[in-house]
There are 2 protein chains.
Amino acid sequence: MADIQAEYLACPIRQVVSRFGDKWSMLVLFMLNRSETGVLRFNEIRRLMTDCSQKMLSQTLKNLERSHLVHREVYPEVPPRVEYSLTDTGRSLMPAVTALVDWGKEHFAEVVTD
Amino acid sequence: MADIQAEYLACPIRQVVSRFGDKWSMLVLFMLNRSETGVLRFNEIRRLMTDCSQKMLSQTLKNLERSHLVHREVYPEVPPRVEYSLTDTGRSLMPAVTALVDWGKEHFAEVVTD
DNA sequence: CGCAATTCCTACTTTTTGGTAACTATGCCA
DNA sequence: TGGCATAGTTACCAAAAAGTAGGAATTGCG
């Protein structure tokens, strides 16, 4: 039997939740994943997520980029064009995210009875 | 093609994240799931999660109970005994949670490079 | 010149979340 | 009588997350 305390303190749940448990991260990943080209521009995401403010989207994307889940490609044009896409690491997270989504679809009715 | 906006506003990710994306919920579920008997008392969980305050644990358990993921059984003894366990709905969430955990174990090193 | 488009950034404020410490109730045990 | 244990609650405070509003940079277009 492993040392439960030590295992707990390095728990991956805590890391994942503290990094991606915010209001918008999973949603952005989901949008990028379901996009047909695999690529979305800043304002395309904004239009998909109308109630996410510009500031929060920018902040969320920066966080995901720092965490190497999202790749940011800048085209030096005017007006500027910036394209976002999932990295390999980002793509590897998607099965877990869609598992959560599927659970939500199937079971959330049992949860929201109040 | 479905109406992306409507689909988005009812998105299961938002519901799941807003209900269980807090600091302790997933961790409590995980602890209950891995317990051998499937049952844990309040102070047992506290001892497993030493850095979760009494208040937060109580609050988290109450939230999970309201959401029907956790069952709370009170034994009218002195001193009181209260046992917590996963409901069927709670158990149904576990594959998604462990998917997240497994992803964390495998990929978090790629993420924390700063 | 003035405005539009695009992708941000910054200051300020509000809301939400989490933490600390103290208090409750009950009965056993010395 | 005075702890001790269990499972909480409450009031208060600090920190973090999120929202609002405005600015900045670039260049083409009328």
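Each chain gets a letter, A, B and so on, in the order the sequences are listed, and its residues count up from 1. Since the structure is predicted, the reported quantities are computational estimates derived from the model, not experimental observations.
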S.K.: Just the rounded figure in Å: distance from C1' of C:dT6 to OH of A:Tyr84.
M.R.: 11 Å
S.K.: Would you please name every residue forming a side chain to side chain contact (heavy atoms under 4.5 Å, CB included) with B:Asn43, sequence neighbours left out?
M.R.: B:Arg46, B:Arg47
S.K.: Grab the CG-C1' distance between A:Asn43 and C:dA5 for me, whole Å please.
M.R.: 9 Å
S.K.: With a 4.5 Å heavy-atom cut-off, do B:Val82 and B:Glu73 have their side chains touching?
M.R.: no
S.K.: List in chain and number order the residues that pass salt bridge (Lys or Arg N to Asp or Glu O under 4.0 Å) with B:Glu65, two or more places apart in sequence or in another chain; answer none if no residue qualifies.
M.R.: none
S.K.: Let's go through A:Asn63 and A:Thr60 carefully: what are the C-alpha distance in whole Å and the side-chain angles of both, what is the deciding distance for side chain to side chain donor-acceptor pair (under 3.5 Å) to 0.1 Å, and is it a yes or a no?
M.R.: CA-CA 5 Å; A:Asn63 177 41; A:Thr60 302; over 6 Å; no
S.K.: Check the distance between C:dA5's C1' and A:Glu44's CD and give it to me in whole angstrom.
M.R.: 14 Å
S.K.: At what distance, to the nearest 0.5 angstrom, does OH of B:Tyr84 lie from CD1 of B:Ile45?
M.R.: 7.0 Å
S.K.: For A:Gln54, which contact category applies under a 4.0 Å heavy-atom criterion: base, sugar-phosphate, or nothing?
M.R.: base
S.K.: Please name all residues satisfying side chain to side chain contact (heavy atoms under 4.5 Å, CB included) with B:Asn33, sequence neighbours left out, ordered by chain then number.
M.R.: B:Leu86, B:Met94
S.K.: Using a cut-off of under 3.5 Å, enumerate the N/O to N/O pairs linking the protein to nucleotides 11-18 of chain C.
M.R.:
unit_1	atom_1	unit_2	atom_2	d
C:dG18	OP1	B:Lys23	N	3.0

S.K.: Restricting to salt bridge (Lys or Arg N to Asp or Glu O under 4.0 Å), what partner residues turn up for A:Arg41, sequence neighbours left out?
M.R.: none
S.K.: If you count the non-hydrogen atoms of other residues, nucleotides and ligands that lie under 6.0 Å from CD in B:Glu44, is the total more than 12?
M.R.: yes
S.K.: Find which nucleotide of DNA chain D each of A:Pro80 and B:Arg72 is nearest to by heavy atoms, and output the residue with the more 5' nucleotide.
M.R.: B:Arg72
S.K.: For DNA chain D, which nucleotides open and close the run of contacts to chain A, 5' to 3', at under 4.0 angstrom from a non-hydrogen atom?
M.R.: D:dA18 to D:dT27
S.K.: Which part of the nucleic acid does A:Val82 contact within heavy-atom distance under 4.0 Å: base, sugar-phosphate only, or nothing?
M.R.: sugar-phosphate
S.K.: Under 4.0 Å from OP1 or OP2 of C:dT7: is there any side-chain N or O of A:Arg41 that close?
M.R.: yes
